[in-house]
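Sequential numbering from 1 along the given sequence is applied to the chain's residues.
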Amino acid sequence: MTDSVPESTRQTLDRLYENPENRLTSLFELAPDDEQVDAQLGVFKALANEHRIRILEALKEGELCACELQVVLDAPQSTVASHLRELKDAGLVKTRRQGKWTYYRIGDTAVLQLLEIAHALTEDT
């Protein structure tokens with residue numbers, strides 16, 4: 001892996017560190033594995049949509065069925081179903097079946113924290 005490091009970077013590390021090869025090795029160890037990055041990317045992709053954010057905001061109040069979320073979004077069933085599938089695949093919502101109805105809820109308190117963080121980051125803008 002150290003072969004892929006550009007010569008200019010090697011020269012800089014040579015000037016900065018007594019043992020640049022050790023530093024290179026430790027830098028490569030900092031890189032997260034692809035599986036972890038893919039999982040995080042899936043979560044952020046699911047969050048990167050206005051309808052899905054609106055669904056999560058509505059679910060903060062408690063579980064809702066898809067027909068109720070149609071009202072919240074003012075959108076057809078197919079649109080709501082598509083967004084719910086994306087949120088479920090990312091682990092952001094969970095489902096519960098009761099008869100022929102499926103109810104959706106926030107999947108984990110971490111989702112609430114993500115929404116709070118996003119709100120806090122945009123408060124002053």
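Taken to the nearest 0.5 Å, the CZ atom of R23 stands 4.0 Å off from the CG atom of L27. Distance check, rounded to the nearest 0.5 Å: NZ of K45 to CD of Q40 gives 13.0 Å. Separating the CG atom in L84 from the OG1 atom in T95 is a distance of 10.0 Å, to the nearest 0.5 Å. Summarising the geometry, atom OG1 belonging to T102 is positioned 3.5 Å from atom CZ belonging to R97; distances are rounded to the nearest 0.5 Å. Summarising the geometry, atom CG belonging to L73 is positioned 4.5 Å from atom CD1 belonging to I55; distances are rounded to the nearest 0.5 Å. K100 contributes atom NZ, which lies 11.0 Å from atom SG of C65 (distance to the nearest 0.5 angstrom).
In this structure, D34 places its CG atom where only 12 or fewer heavy-atom neighbours from other residues, nucleotides or ligands lie under 6.0 Å away. Around atom CG of D74, no more than 12 heavy atoms belonging to other residues, nucleotides or ligands sit under 6.0 Å away. The 12-atom threshold is not exceeded at CD of E35, counting heavy atoms of other residues, nucleotides or ligands nearer than 6.0 Å.
Proximity of a side-chain donor or acceptor of D108 to a complementary backbone N or O of V111 within less than 3.5 Å is not detected. Side-chain N or O atoms of R52 include one that pairs as donor or acceptor with a backbone N or O of A46 at under 3.5 Å. Not one N or O on the side chain of T79 forms a donor-acceptor pair closer than 3.5 Å with the backbone of A75. The main-chain N or O of E21 is found under 3.5 Å from a side-chain atom of T25 such that the two form a donor-acceptor pair.
Taking every heavy atom of both residues into account, L56 and I106 meet most closely at O-CD1, 3.7 Å. Between L59 and Y104, the shortest heavy-atom contact is CD2-O, 3.3 Å. Shown here for V43 and A90, the closest heavy-atom pair between the two residues is CG2-O, 3.8 Å. K88 and V93 get closest at one heavy-atom pair: N-CG2, 3.6 Å.
Side-chain contact between T9 and L13 is present, with heavy atoms from C-beta onward closer than 4.5 Å. In this structure the side chain of L24 reaches within 4.5 angstrom of the side chain of R10, judged on heavy atoms.
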As a quick check of understanding, evaluate side chain to side chain contact (heavy atoms under 4.5 Å, CB included) for V80 and V72, giving each step before the final call.
CA-CA 10 Å; V80 173; V72 169; over 6 Å; no
Let's go through N49 and I53 carefully: what are the C-alpha distance in whole Å and the side-chain angles of both, what is the deciding distance for side chain to side chain contact (heavy atoms under 4.5 Å, CB included) to 0.1 Å, and is it a yes or a no?
CA-CA 6 Å; N49 179 280; I53 295 292; over 6 Å; no
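Between E63 and the options K94, R105, E68, a side chain to side chain contact (heavy atoms under 4.5 Å, CB included) holds for only R105.
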